[in-house]
Number of protein chains: 2
Amino acid sequence: MEKYEKFGTKEKILDSALESFSTSGFDATSLDVIAKSLGVRKQTILYHFGTKKGLLNAVVERAAENLINSIEEVLNSELKGWERIEALARMIFRLALREPLLLGLLREVSRPGSAGSERLRILMTPLMDRGTLWMQSEMEVGRMRRTNPRLVILSAYSTVVGLATEIEVLRAAGIEQALRPVTIRRRELIRFLRVSLDPDYLKSK
Amino acid sequence: MEKYEKFGTKEKILDSALESFSTSGFDATSLDVIAKSLGVRKQTILYHFGTKKGLLNAVVERAAENLINSIEEVLNSELKGWERIEALARMIFRLALREPLLLGLLREVSRPGSAGSERLRILMTPLMDRGTLWMQSEMEVGRMRRTNPRLVILSAYSTVVGLATEIEVLRAAGIEQALRPVTIRRRELIRFLRVSLDPDYLKSK
DNA sequence: AATATTATTTACCAATTGGTAAGTTAAACT
DNA sequence: AGTTTAACTTACCAATTGGTAAATAATATT
């Protein structure tokens with residue numbers, strides 16, 4: 001693609017933008033500030049990404065790639081039915097803790113009407129459709145309880161996004177690296193998914 | 001207080017600002033736009049609130065008052081121990097559903113480092129201290145399980161704030177007024193609180 | 001070596017923003 | 001009626017912002 005690039009400038013810009021969008025938000029992020037922090041002129045940013053929104057979209061795309069790759073890994077495993085769901089949930093939590101910036105970006109961009117929400121939707125739609133279809137086929141063969149797949153997926157999604165707020169609030173309150181609340185959230189999410197989806201759960205109880 | 005005021009201008013400004021801060025965020029809110037929408041000059045806003053941040057603080061304060069009054073109501077009841085906790089949780093959810101703007105503002109202002117987070121903290125600290133003390137005294141007399149009160153309160157808080165995201169995400173996905181996920185969240189929160197605090201819960205199970 | 005292309009910079013700008021200063025209107029007090 | 005004070009407006013501004021246009025530097029391509 002790029003023939004020559006001084007020193008991965010484009011990547012550096014993406015990194016810095018991710019940090020700023022994730023922690024300060026889109027509107028509070030200034031191209032001048034990013035440029036200055038990188039020792040680069042603002043026009044370099046605009047050269048690579050066209051507009052500020054273009055930069056945001058690029059950041060969102062890279063983050064989504066990151067996420068989708070992780071999901072892909074689980075989907076390529078041979079886990080079936082409920083076990084696959086649980087593996088997905090655990091993977092998402094692992095990813096969220098490993099890359100908090102990604103989580104922050106997701107929250108920033110999840111607000112409907114925000115600058116990046118449209119792009120996020122476009123990127124997530126295929127994933128959502130695929131998940132919905134898979135869940136429906138699992139329901140057909142009785143490996144999964146009958147529910148509204150989209151509702152379940154979106155609730156799980158917002159649980160993860162809510163995690164971003166929780167971590168930050170706890171940190172701001174001086175409770176550093178509180179793993180317990182995160183663990184609790186994960187357990188709650190898995191239980192929620194299990195109640196909604198696992199056909200064997202209620203029987204075994 | 002105010003001797004004469006044309007038509008409740010101050011209140012109208014606060015209403016409009018709450019709406020904008022809550023849905024678009026602080027940075028994306030323009031004083032000019034608010035003023036124009038109200039048929040008032042921008043300087044009128046600045047006359048009443050000094051600065052933009054002053055306006056935000058006023059909005060936050062009014063919202064906090066709203067919240068604190070509701071809490072006060074429950075605290076003045078004769079409910080003890082676990083029952084009081086559950087009443088609080090139900091009240092918060094009721095309030096959140098009745099006044100979604102309040103919820104949106106809370107989310108906007110909960111991000112550490114945001115313009116309003118400091119004021120929010122100042123307003124919430126007495127509430128937090130009071131709650132902590134009460135819970136500790138309840139623990140002393142054995143009406144409540146021993147845990148870290150601040151951690152429990154903050155986790156509950158972020159659950160409620162996360163609700164804002166969830167409602168908006170679901171709405172954006174075309175799932176209007178989905179009461180089920182909200183009910184589920186409430187049930188989850190109450191169960192979380194129960195497991196953490198109710199000394200009789202595990203016995204009765 | 002000459003040329004084309006990519007990457008980055010310098011120079012500018014129009015629009016918006018929050019904010020200041022000073023004036024004007026209107027109500028309240030005396 | 002005259003004065004004070006509160007509410008609001010007109011006029012203006014400095015700073016920042018995202019963005020355009022053109023020049024320059026660096027690297028491939030031929």
Side-chain angles (χ1 to χ4, degrees), chain A residues 1-60 62 108-109 113-119, chain B residues 1-60 62 108-109 113-119:
Chain A
M1 301 296 136
E2 304 91 11
K3 290 209 197 154
Y4 34 82
E5 212 178 29
K6 242 186 186 170
F7 241 122
T9 314
K10 207 169 171 179
E11 285 298 315
K12 284 203 299 184
I13 294 172
L14 283 173
D15 289 341
S16 183
L18 170 61
E19 165 113 33
S20 186
F21 288 149
S22 173
T23 58
S24 308
F26 179 72
D27 293 297
T29 295
S30 149
L31 295 186
D32 287 285
V33 172
I34 291 182
K36 195 161 287 177
S37 82
L38 293 176
V40 151
R41 298 314 131 216
K42 172 172 59 178
Q43 278 61 23
T44 304
I45 300 179
L46 290 170
Y47 166 74
H48 282 293
F49 303 100
T51 64
K52 188 184 180 185
K53 194 170 176 180
L55 173 60
L56 174 63
N57 283 339
V59 170
V60 170
R62 203 181 55 161
E108 171 68 15
V109 142
S114 76
S117 66
E118 195 188 348
R119 181 56 56 105
Chain B
M1 303 296 136
E2 305 91 12
K3 290 213 197 148
Y4 34 82
E5 212 179 27
K6 244 188 185 170
F7 242 122
T9 314
K10 207 169 173 180
E11 285 299 314
K12 284 204 301 184
I13 294 171
L14 284 172
D15 288 341
S16 183
L18 169 62
E19 164 113 34
S20 186
F21 288 149
S22 173
T23 59
S24 309
F26 179 72
D27 293 297
T29 294
S30 150
L31 295 185
D32 287 285
V33 171
I34 291 183
K36 195 161 290 177
S37 82
L38 293 177
V40 151
R41 297 319 128 215
K42 172 171 59 177
Q43 278 60 23
T44 304
I45 300 178
L46 291 169
Y47 166 72
H48 282 293
F49 303 101
T51 66
K52 188 184 179 185
K53 195 170 175 179
L55 173 60
L56 174 63
N57 283 340
V59 170
V60 170
R62 204 182 52 161
E108 170 69 15
V109 143
S114 76
S117 65
E118 194 188 348
R119 181 55 58 104

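Fair warning: this is a prediction, and the values are worked out from it, not measured in the lab. Values below: every heavy atom of this structure, side chains too, minus hydrogens, waters and symmetry copies.
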Asks: For A:I13 and C:dA7, give me the distance from atom CD1 to atom C1', rounded to whole Å.
Replies: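 That distance rounds to 11 Å.
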Asks: Within 45 degrees of the axis of the six-membered ring of A:F26 and under 6.0 Å from its centre: does A:K53 put its NZ or CZ there?
Replies: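 Ring-cation test returns no.
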Asks: In whole Å, what is the span from the CG atom of B:L46 to the C1' atom of D:dT10?
Replies: 14 Å
Asks: Would you mind telling me which of D:dA11, C:dG18, C:dT8 lies closest to the side-chain atoms of B:D32?
Replies: C:dG18
Asks: Base, sugar-phosphate, or nothing: which does A:S30 touch, judged by heavy atoms less than 4.0 Å apart?
Replies: sugar-phosphate
Asks: Tell me the interatomic distance from B:F49, atom CZ, to C:dG18, atom C1', rounded to whole angstroms.
Replies: 16 Å
Asks: Phosphate oxygens OP1/OP2 of D:dA6: is one of them under 4.0 Å from a side-chain N or O of B:H48?
Replies: no
Asks: In this structure, how many angstroms lie between the P atom of D:dT24 and the CZ atom of A:R41, rounded?
Replies: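 Between P of D:dT24 and CZ of A:R41: 17 Å.
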Asks: For a side chain to side chain contact (heavy atoms under 4.5 Å, CB included) with B:T29, tell me which candidate from B:I34, B:L55, B:L56 qualifies.
Replies: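 Of the listed options, the one satisfying the test is B:I34.
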Asks: Kindly indicate whether the side chain of A:K42 and the base of D:dG18 share any N or O donor-acceptor pair separated by less than 3.5 Å?
Replies: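 It does, because a donor-acceptor pair links the side chain of A:K42 to the base of D:dG18 below 3.5 Å.
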Asks: With sugar-phosphate meaning primed atoms plus P, OP1 and OP2, does A:L31 contact a base, only sugar-phosphate, or nothing at under 4.0 Å between heavy atoms?
Replies: sugar-phosphate
Asks: For the pair made of CD1 in B:I45 and C1' in C:dT17, what is the distance, rounded to whole Å?
Replies: 13 Å
Asks: Under 4.5 Å between any side-chain heavy atoms of B:F49 and B:L14, yes or no?
Replies: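 Side chain of B:F49 against side chain of B:L14, heavy atoms only: contact under 4.5 Å found.
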Asks: Using whole Å, report how far NZ of A:K53 lies from C1' of D:dT17.
Replies: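 Rounded to whole Å, this separation is 17 Å.
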Asks: Using a cut-off of less than 4.0 Å, is there contact between a side-chain N or O of B:T9 and OP1 or OP2 of D:dA7?
Replies: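 For B:T9, the contact criterion (side-chain N or O under 4.0 Å from OP1 or OP2 of D:dA7) is not met.
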Asks: Can you check whether B:R41 reaches B:K36 side chain to side chain, under 4.5 Å on heavy atoms?
Replies: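 Of all side-chain heavy-atom pairs linking B:K36 with B:R41, none is under 4.5 Å.
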Asks: I want to verify a distance call: between D:dT9, C:dT10, C:dG19, whose nearest atom is closest to the A:Q43 side chain?
Replies: C:dT10
Asks: Give the rounded distance in Å between these two atoms: CG of A:L38 and C1' of C:dT9.
Replies: 15 Å
Asks: When the distance from NZ of B:K52 to P of D:dT16 is rounded to whole Å, what number comes out?
Replies: 15 Å
Asks: According to a strict under-4.0 Å criterion, is A:Y47 in side-chain N/O contact with OP1 or OP2 of C:dA7?
Replies: yes
Asks: So do A:H48 and A:Q43 actually touch side chain to side chain, heavy atoms under 4.5 Å?
Replies: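 With C-beta onward as the side chain, the pair stays apart.
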Asks: Side chain of A:V40 only, please: which of D:dG18, C:dG19, C:dT9 is the nearest?
Replies: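 In terms of side-chain proximity for A:V40, the closest of D:dG18, C:dG19, C:dT9 is C:dT9.
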